[in-house]
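Each remark here refers to the structure printed beneath this line.
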Amino acid sequence: MARGAVDPTLLTDLEARGLIHDTTSRSDLAARLQAGPITVYVGFDPTATSLHAGNLLPLLMLRRFQDAGHRPIALAGGATGMVGDPSGRSDERSLLDDATLAANLAGVVPQLRQFLDFERPDNPAKLLDNRAWTVGVSYLEFLRDVGKHVTVNQMAAKDSIRNRMESEHGISYTEFSYMLLQAHDFYWLFENEGCEMQMGGSDQWGNIVLGLDLIRRKAGGSGFALTVPLLTKPDGSKYGKTASGDTMWLSAAKMSPYRFFQAWMQTDDAEVRRLLLQLTLLPVGTCEAIAAAHLDAPHLRDGQRRLARELTSLVHSPAAAAGAEAASAVVFGGPVAGVAIETLRMLAAEVPTTVISRSVLAEENNLVPVLRHAGIVASNGEAQRLLAQHGISLNDEKVSAGAQVTRDDLLHERFCLVRKGKKQVAMLLFDQ
RNA sequence: GGGUCGGUGCCCGAGUGGCCAAAGGGAGCGGACUGUAAAUCCGCCGGCAUCGCCUACGUAGGUUCAAAUCCUACCCGGCCCA
């Protein structure tokens, strides 16, 4: 791409992906994006030590804009994180103390960095913390410089505020003020960074537009707002949680690449196409082709696999994605014989694994005690039952009552994969 | 405080002296089917050294050859009266 040139197809590409929920004047925006690079920002409040899957969509929006030649700013909400955004919330947030906030920022900032390119010569990304321009502002200054330009009527009319005002618990003055802080951020970035556009989830619309008002009144300028659809599952719940209700963290420490990969593998068929379009950087045509192939043979789960692979690569690394995919193949039906030792090691970290003394290999009737020791069964009775029902297999070989674990059952001299039924997998790790 | 009904296995719930480890349902588990989906069907579903023993029906005692079932006290819950 030539210096200063922008990809003219960005807006139509975003539309094709279903990434645009709402914008200020679409024609003005289209014209502005054609005219040249624009600076655009998204704010992320550090409410935890890691971002989660729900943050991917806006994060990737910044990436898409950067890839199209624009300048992205990731804003870490060191200040707003202290107050708490009432949008989309039915109850008051608990306030974070300084130490927690600092820890959260320390976790989130590197994640924000990882999605954007800070070295690109023409349009490097920027990472800013709104605390920098907020912490020194006195309350009186804020009331005079920001509060004066906004009417309470205007604020109370926003959905996010109105919903809470009508709820039985009400809304604190602190959270009520959140949108002023966010509006002020936008204004500050407009003045100091030439930032003309803010993006966010559709629940952010009110807050973003308030920022535009502030820019108009205080600076006589104009900017743009773009909101993305809030990702929701077919059952209406928000994205970012697994089927079992765990948050899908982007941090490997909080959710291993394997489990992250698995969570996407379990995507509903009906969601595959949309998620490929909205959450991957694959070209629209490629997404559509994968989705069409998936529709023809949904049982192969190729759509889910591709989605899981892309996202795990993006969030963790291509190597982590490949490892997770190999481990998944073993857990879900693939043959375990001949699997690389690295894959077995990865599995051992993901499935319940028990270290067993090598000496039991020489013992008679060792299977039941081993199963108990490994926590695969709760009692001898359960072990007998399962064996009688052919519910246990060692390295994919069904075993029956009276079977033994022997040297021949060891993979790479150490590992033995135990299956209980089809869904539960455990690893036996024999010491050296 | 008085009266009354009730507390049963993971949950709901039947059982009112022996045939009760305790009906039935749900959940769970295994098998068949299958797509790491849903539905369906079959089996299992307290523990153990498995034709027997142990533990268990709010808690602690008692009556009895024998109690989840009867008696006493206590604890907890519902409802009614105060």
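In what follows, chains carry the letters A, B, and so on, assigned in the order in which the sequence lines appear, proteins first and then strands, with residues in each chain numbered from 1.
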Could you go through residues 336-346 of chain A and list every donor-acceptor pair under 3.5 Å that involves a side-chain atom there, pairing it with any protein atom two or more places apart or in another chain?
none

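- With C1' as the reference atom, rC70(B) and rG18(B) are 14 Å apart, rounded to whole Å.
- Environment of NZ in Lys254(A): crowded, with over 12 heavy atoms of neighbouring residues, nucleotides or ligands closer than 6.0 Å.
- Taking atom P on both rA14(B) and rG7(B), the two are 8 Å apart, rounded to the nearest angstrom.
- Along RNA chain B, the nucleotide closest to Ser379(A) and the one closest to Leu300(A) are compared, and the more 5′ of them pairs with Leu300(A).
- A residue-by-residue look at Gly421(A) and Ser328(A) shows that Gly421(A) has its nearest nucleotide of RNA chain B further toward the 5' end.
- Of all nucleotides in RNA chain B having an atom under 4.0 Å from a heavy atom of chain A, the first and last in 5' to 3' order are rC29(B) to rU50(B).
- Relative orientation of the Tyr173(A) and Phe176(A) rings is tilted, given thresholds of 30° and 60° on the angle between their planes.
- Rounded to the nearest Å, the gap between the C1' atom of rA23(B) and that of rA39(B) is 28 Å.
- The nucleotide rA49(B) finds no pairing partner, because no Watson-Crick or G-U wobble arrangement with both distances shorter than 3.5 Å includes it.
- One P atom belongs to rC74(B), the other to rG2(B), and the distance between them is 11 Å to the nearest Å.
- Between the side chain of Asp296(A) and the backbone N or O of Ala293(A), no donor-acceptor pair lies under 3.5 Å.
- Of the C1' atoms belonging to rC11(B) and rC5(B), the separation is 22 Å, rounded to the nearest Å.
- Side-chain atoms of Thr49(A) and Asn104(A) form no donor-acceptor pair, as typed in the model, at a separation below 3.5 Å.
- A distance of about 38 Å separates the P atoms of rA27(B) and rC71(B), rounded to the whole Å.
- Residue Asn380(A) is classed as a sugar-phosphate contact, given heavy-atom separations below 4.0 Å to backbone atoms only.
- When the C1' atom is compared between rC20(B) and rG46(B), the two are found 14 Å apart, to the nearest whole Å.
- Taking a 6.0 Å sphere around CD of Glu397(A), one finds it holds 12 or fewer heavy atoms contributed by other residues, nucleotides or ligands.
- Lys422(A) comes within contact range of at least one nucleobase, with a heavy-atom separation under 4.0 Å.
- Residues from residues 385-392 of chain A that place a heavy atom under 4.0 Å from any atom of RNA chain B, listed by number: Arg385(A), Leu386(A), Gln389(A), His390(A), Gly391(A).
- Aromatic ring pairs are classed by plane angle as parallel below 30°, tilted from 30° to 60° and perpendicular above 60°; the pair Phe260(A) and His316(A) is perpendicular.
- Separation of the P atoms belonging to rG13(B) and rG78(B) is 15 Å when rounded to the nearest angstrom.
- Aromatic ring centres of Tyr41(A) and Phe186(A) lie closer together than 6.0 Å.
- Once rounded to the nearest 0.5 Å, the distance linking NE2 of His373(A) with CG of Asn366(A) reads 12.5 Å.
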